[in-house]
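Here it is: the structure, laid out below.
Sequence lines set the chain letters: A, B, ... in the order given, protein chains first and strands last, and positions in each chain run from 1.
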Amino acid sequence: MSSERRKPYPFDEIEPQWQKIWEDRQLFHAPNPGENNFDSAKPKFYILDMFPYPSGSGLHVGHPEGYTATDIVARYKRMRGFNVLHPMGWDAFGLPAEQYAIKTGQHPSITTRDNIAKFKTQLQRIGFSYDWEREISTADPRFYRWTQWIFLQIYNSWFNPETQKAEPISTYLGSDPDEVRLAYVAEVPVNWCPDLGTVLANEEVVDGKSEVGGFPVVRRPMRQWMLRITAYADRLANELKDLDWPEGIKLLQRNWIGRSEGAEIKFTIEGHDGAIRVFTTRPDTIYGANYMVLAPEHPLVDRLTTEDRRTGVAKYREQVSSKSDLERTDLAKEKTGVFIGANAINPVTDEKIPIWIADYVLMGYGTGAIMGVPGHDERDLEFARKFDLAVMPVVQMQGKTAEESIGAIEDGIAINSPLINGLPTPEAKKKIIGWLEQNGSGRADIRYKLRDWLFSRQRYWGEPFPVVWESEPNRPHGKHRALDEKELPLIPPPLDDYKPTGTGEPPLAKAKEWVRYSEKATRETNTMPQWAGSCWYYLRFCDPQNDERFVGEETERYWMGGVGAGVSPANDKAEASKRKAADTAAASTGGVDLYVGGTEHAVLHLLYARFWHKVLFDLGYLSKSEPFQRLVNQGMILGEDNRKMSKRWGNVIDPLDVIAEYGADAFRCYEMFMGPLEQMKPWSMKGVEGVFRFLARVWRLIMIENQAGQWEMSPAVKDVDLSKAQQKILHATIKKVTEDIESLSFNTAISQMMIFVNAFTTANTIPILAMRPFLILLNPFAPHLSSELWERLGAKEEITDQSWPQHDERLLVEDEAEIVVQVKGKVRDRMTMSILATEEEMKTLVLANPKIQQLIAGKTVLKVVVVPRKLVNIVTD
RNA sequence: GCCAGGGUGGCGAAAUUGGCAGACGCGCCAGACUUAGGAUCUGGUGGAGCAAUCCUUAGGGGUUCGAGUCCCCUCCCUGGUACCA
């Protein structure tokens with residue numbers, strides 16, 4: 001490595017200079033309504049990156065991919081006259097800092113602060129135009145005070161099924177509000193990792209082991225805080241409709257929510273009072289239900305099992321409970337189960353059907369019980385074959401016999417079903433549900449795969465819950481009560497020892513003083529999960545310094561309101577109440593105008609944030625019911641060997657190494673030139689060099705090295721008019737770059753700029769009039785280089801204050817066009833013709849072409865297809 | 001298994017409504033300048049063939065004057081999901 005080697009252009013000098021200028025002058029600060037330099041005539045544009053967790057290892061090349069894309073759009077939109085909100089912050093609570101604390105004793109806030117400083121330096125070295133005055137950290141009390149405040153709003157609300165909205169808990173008329181709160185406590189099975197001494201989120205458990213350390217994880221019931229996200233299942237699914245998101249991501253969310261329509265059916269039990277309730281999406285197949293299956297954990301099992309079956313049932317349940325979740329689902333190729341001795345009555349046939357337990361029925365979905373219809377359910381069929389149960393077809397497929405229809409799960413015509421025989425599946429469902437309702441045996445029902453959100457963690461480094469437990473005679477744990485919002489922020493106590501207790505009791509429990517709230521009340525010692533801060537950080541960016549409110553009303557309306565909205569009159573009470581009353585569908589556009597980040601957040605962060613947003617919207621705090629109007633996922637960057645970058649393969653690229661060698665501009669441009677933003681693509685150092693050479697050519701278009709080795713303005717740069725050809729390529733470039741930024745096709749925008757530069761490289765004079773607009777086009781991509789050259793060309797104003805050039809369509813039209821001449825669809829010649837030539841003239845010209853005449857000699861011309869300005873196709877026999 | 005997204009030169013990739021496939025970049029080849037080149041510039045570069053020409057967008061079929069693009073089938077890759085009743 002020869003660091004001595006002369007740089008093809010002095011990026012190492014100019015880049016830090018410009019970064020300093022941008023920081024010193026706070027050039028990219030976006031004024032809020034009410035600020036001095038706020039211009040209400042400017043439309044707003046909110047463009048957001050998914051903020052990073054500031055890990056100890058610093059940025060990798062994946063982060064700046066999305067960040068560069070948004071930075072280009074942000075710089076472009078500013079020059080198009082928008083007031084652009086482009087902020088950056090830190091998702092700063094998280095397990096790594098806590099584990100580092102356990103190892104070293106260093107307080108997580110110190111680790112976090114250092115990592116943030118490192119990340120910020122790195123981001124600034126890439127030249128991003130963030131409004132650093134809006135920097136936030138989720139671990140800052142001034143921020144999490146409001147995270148806790150939002151939790152209080154959720155806690156103090158319920159979901160009114162009548163209005164399909166969250167409402168203050170005071171509007172609930174039932175006897176026990178704790179039954180309906182959107183935040184509640186429940187005893188649920190969680191992922192408990194004994195070695196780490198903590199519960200883990202599902203996403204932290206990989207193949208039954210902890211992601212960190214690879215320790216075994218077991219399911220264990222614990223008292224946990226839950227958020228009632230399932231209340232919003234329908235709205236979360238339905239309101240995706242109007243969002244400008246990739247269809248794949250919408251589908252992922254819909255599948256995650258997993259809405260299925262069907263019926264709940266009651267099966268009475270022979271010799272017992274109670275009934276077994278099942279959920280099915282195919283009530284029309286009920287005549288084929290000749291057995292039932294309960295989940296082994298189903299509460300009725302004990303009561304229903306007959307004496308002679310007890311040992312068998314106990315043995316089977318034992319077997320199942322010793323299996324991990326993984327074994328139970330993955331190894332379940334072969335169906336297992338036992339008959340429990342009891343029988344149920346099929347409500348439509350009045351026939352006795354045996355009740356089994358089997359682990360293919362899960363307690364966690366539906367009612368934890370099913371009716372077995374072997375004729376039309378793959379799993380039931382497998383089960384019936386294994387245990388020799390009868391299989392009867394009750395739906396016949398078109399073009400198949402009844403016998404052949406066994407195993408078919410598609411819609412067909414009901415057979416062997418007296419009440420609904422001959423009806424197509426959809427009608428059969430309706431009719432049978434009607435019958436069940438009339439007979440008190442069932443009703444239409446909707447179920448979701450989505451579960452309520454387990455919202456508490458046994459960790460130190462997270463937001464403490466603003467909740468205390470007051471002792472009450474009849475409750476072993478006491479009764480929860482929310483703190484008053486005046487008591488916020490609730491700051492976690494200092495600890496000497498961050499180690500998990502090992503019992504499942506959170507580390508905060510060790511701070512005895514802190515835990516003791518009053519004579520008869522103790523603090524909640526769980527903390528919130530890492531997702532909490534990211535559920536609303538985009539709102540805080542609008543108004544990060546506000547200590548009166550989580551976000552100022554007018555500010556929220558401005559940034560999170562309609563796209564390109566101006567400012568509405570301040571403090572209009574009537575307006576506000578009208579907004580509250582507005583129905584949710586009508587308010588479902590607006591918000592963050594462009595949100596860029598990885599697909600890994602498709603269901604978790606993006607679903608959680610939408611949920612919180614809707615609650616706050618329902619309670620009247622927000623303008624729109626959806627936070628992120630447009631979403632784009634950047635693709636993953638692979639190593640040069642086409643494998644995922646990892647230490648294991650030694651293929652990790654450090655952005656700072658690339659920048660040291662080629663500069664930030666080359667780094668930015670290469671990341672964008674690699675290929676389409678959303679696509680997965682491998683890194684190539686050679687590719688960086690290619691882009692770097694392009695930037696060096698731009699530099700040398702304008703600068704020349706003198707004898708002394710100093711860069712000075714090239715004498716070729718002159719204040720002269722452009723030739724017609726130059727005029728054309730300039731305007732073609734303006735057009736292409738503009739359109740490509742709008743469509744986020746940055747790779748082709750750069751291609752076009754390369755074409756532009758190639759065209760001027762050979763020119764002996766370089767017209768300033770061509771260079772100035774070009775530098776503006778280049779500025780979002782290579783801000784340092786373009787700023788420096790702009791200044792060297794003697795401009796008085798900053799390049800960032802320029803308005804974006806506009807192309808003149810008239811300069812792009814040609815007098816003549818090259819026409820493709822085809823015979824029977826094959827290209828045989830090309831001819832130049834006036835673009836004004838009529839179809840008839842074009843046809844005549846082509847038929848007069850000797851080469852064509854030769855080719856069609858002796859043949860009959862059946863047809864001539866003429867596409868004006870493009871092509872003539874002669875069809876012969 | 002199911003769902004989604006892909007498959008175009010040696011490589012990363014381009015290609016409005018179906019209308020010149022391979023723009024731009026890398027790599028490679030040749031040349032210029034040079035004491036030198038891992039700098040810079042110029043030209044060439046999908047495959048076969050001396051050539052005219054033929055072949056070519058994973059494979060096969062179809063629609064069309066014309067298909068990378070639209071339709072059907074098959075294969076392969078990537079991501080998600082996994083007994084969801």
Side-chain angles (χ1 to χ4, degrees), chain A residues 2 5-8 246-252 254-256 258-260 262 278-282 285 293 295 328-330 332-333 335 358-362 364-373 376-380 382-383 409 447-451 599-600 602-603 633 635-636 638 640 642 669-670 673-676 678-691 693-694 696-697 700 736 739 745 747-758 761-762 818-830 862-867 869-876:
Chain A
S2 59
R5 180 154 54 95
R6 282 201 56 75
K7 302 277 194 283
E247 281 307 317
I249 301 293
K250 290 192 190 180
L251 197 71
L252 231 48
R254 283 198 193 99
N255 290 344
W256 187 265
R259 178 191 154 103
S260 38
V278 305
F279 174 71
T280 176
T281 53
R282 294 297 299 273
T285 63
V293 184
R328 183 161 165 182
T329 52
D330 226 45
K333 290 268 179 280
K335 291 276 178 288
D359 66 356
Y360 83 95
V361 174
L362 309 173
Y365 184 76
T367 60
I370 61 156
M371 58 180 199
V373 184
H376 304 282
D377 182 283
E378 221 182 316
R379 299 147 301 178
D380 295 348
E382 217 184 301
F383 188 81
I409 53 169
R447 295 277 169 165
Y448 303 90
K449 275 198 266 183
L450 184 71
R451 306 297 154 79
T599 350
E600 65 272 21
V603 279
N633 294 118
M636 202 198 311
L638 304 172
E640 301 221 39
N642 254 299
C669 289
Y670 174 65
F673 187 63
M674 288 172 85
E678 306 191 46
Q679 190 171 302
M680 189 193 294
K681 45 211 178 279
W683 186 268
S684 157
M685 271 309 176
K686 287 285 184 192
V688 184
E689 263 177 69
V691 173
R693 281 203 279 267
F694 156 67
R697 274 205 297 280
R700 288 196 312 271
K736 178 92 177 126
E739 288 171 355
S745 309
N747 53 334
T748 49
I750 293 171
S751 294
Q752 181 62 36
M753 289 191 281
M754 286 173 168
I755 293 170
F756 176 92
V757 170
N758 292 346
T761 303
T762 46
E818 193 176 59
I819 304 300
V820 172
V821 183
Q822 296 180 331
V823 176
K824 289 175 84 173
K826 293 210 160 151
V827 181
R828 294 300 175 184
D829 202 4
R830 274 147 220 196
L862 302 173
K863 188 175 174 185
V864 178
V865 180
V866 180
V867 181
R869 276 170 285 177
K870 282 216 172 106
L871 141 159
V872 176
N873 187 11
I874 299 166
V875 187
T876 64

Legend entry - Set of residues satisfying side-chain contact (heavy atoms from CB on, under 4.5 Å) with respect to A:Lys826, sequence neighbours excluded: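 Counting only residues at least two positions away or on another chain, A:Lys826 forms a side-chain contact (heavy atoms from CB on, under 4.5 Å) with A:Arg828.
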Inset, instruction - With sequence neighbours excluded, tell me which residues meet salt bridge (Lys or Arg N to Asp or Glu O under 4.0 Å) with A:Lys686. - result: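 Residues passing salt bridge (Lys or Arg N to Asp or Glu O under 4.0 Å) with A:Lys686: none at all.
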Look for any protein N or O under 3.5 Å of an N or O in nucleotides 45-48 of chain B and output each such pair with its distance, or none.
none

Legend entry - Phosphate contact (B:A4 OP1 or OP2) by A:Arg254 side-chain N/O below 4.0 Å: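 Result: no.
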Inset, instruction - Note every stem involving RNA chain B: at least three consecutive Watson-Crick or G-U wobble pairs, i with j then i+1 with j-1, with both distances under 3.5 Å. - result: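 When the pairs of RNA chain B are grouped into runs of at least three, the stems are B:1-7 with B:75-81, B:10-12 with B:24-26, B:27-32 with B:40-45, B:46-48 with B:53-55, B:58-62 with B:70-74.
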Legend entry - Qualifying residues under salt bridge (Lys or Arg N to Asp or Glu O under 4.0 Å), relative to A:Arg447, sequence neighbours excluded: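 A:Arg447 satisfies salt bridge (Lys or Arg N to Asp or Glu O under 4.0 Å) with A:Glu264, A:Asp445 once adjacent residues are dropped.
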Inset, instruction - Establish, for the pair A:Lys335 and A:Tyr360, whether the NZ or CZ atom is under 6.0 angstrom from the six-membered ring centre and no further than 45 degrees off its axis. - result: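 Ring-cation test returns yes.
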Legend entry - Partner residues of A:Arg259 under the salt bridge (Lys or Arg N to Asp or Glu O under 4.0 Å) criterion, sequence neighbours left out: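 Once residues adjacent in sequence are excluded, the partners of A:Arg259 under the salt bridge (Lys or Arg N to Asp or Glu O under 4.0 Å) criterion are A:Asp234, A:Glu261.
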Legend entry - Whole angstrom value for the distance that separates C1' of B:A85 from CZ of A:Phe279: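 After rounding, the gap between these two atoms is 8 Å.
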Inset, instruction - Name the residue closer to the 5' end of RNA chain B, choosing between A:Trp256 and A:Met680 according to the nucleotide with the nearest heavy atom. - result: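 Closest to the 5' end, via its nearest nucleotide, is A:Met680.
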Legend entry - Residues forming a salt bridge (Lys or Arg N to Asp or Glu O under 4.0 Å) with A:Asp377, sequence neighbours excluded: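 Salt bridge (Lys or Arg N to Asp or Glu O under 4.0 Å) check on A:Asp377 returns A:Arg379.
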Inset, instruction - Could you pull out all residues at least two apart from A:Phe694 that satisfy ring-ring contact (aromatic ring centres under 6.0 Å, His included)? - result: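 By the ring-ring contact (aromatic ring centres under 6.0 Å, His included) rule, A:Phe694 matches no residue at all.
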Legend entry - All side-chain contact (heavy atoms from CB on, under 4.5 Å) counterparts of A:Met636, not counting sequence neighbours: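 Result, side-chain contact (heavy atoms from CB on, under 4.5 Å) vs A:Met636: A:Leu638, A:Lys644, A:Met680.
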Inset, instruction - Report, as a single string ordered 5' to 3', how protein heavy atoms within less than 4.0 Å touch nucleotides 16-28 of chain B: B base, S sugar-phosphate only, - not at all. - result: -B-BB--BBSSS-
Legend entry - Spacing of the C1' atoms in B:U8 and B:U53 (rounded, Å):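 24 Å, rounded to whole Å.
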Legend entry - Residue list, ring-ring contact (aromatic ring centres under 6.0 Å, His included) with A:Tyr365, at least two apart or on another chain: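 Checked A:Tyr365 against ring-ring contact (aromatic ring centres under 6.0 Å, His included); zero matches.
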Inset, instruction - Report the residue (A:Thr281 or A:Glu378) whose heavy-atom-nearest nucleotide on RNA chain B is the more 5′ of the two. - result: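 The residue closer to the strand's 5' end, by nearest nucleotide, is A:Glu378.
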Inset, instruction - Using side-chain contact (heavy atoms from CB on, under 4.5 Å) as the criterion, list what pairs up with A:Lys250, not counting sequence neighbours. - result: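 Listed in chain order: A:Leu240, A:Leu243, A:Trp245, A:Glu247, A:Arg254.
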Inset, instruction - Please work out if A:Pro246 contacts a base, only the sugar-phosphate, or nothing of the nucleic acid, heavy-atom cut-off 4.0 Å. - result: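 Contact class for A:Pro246: none.
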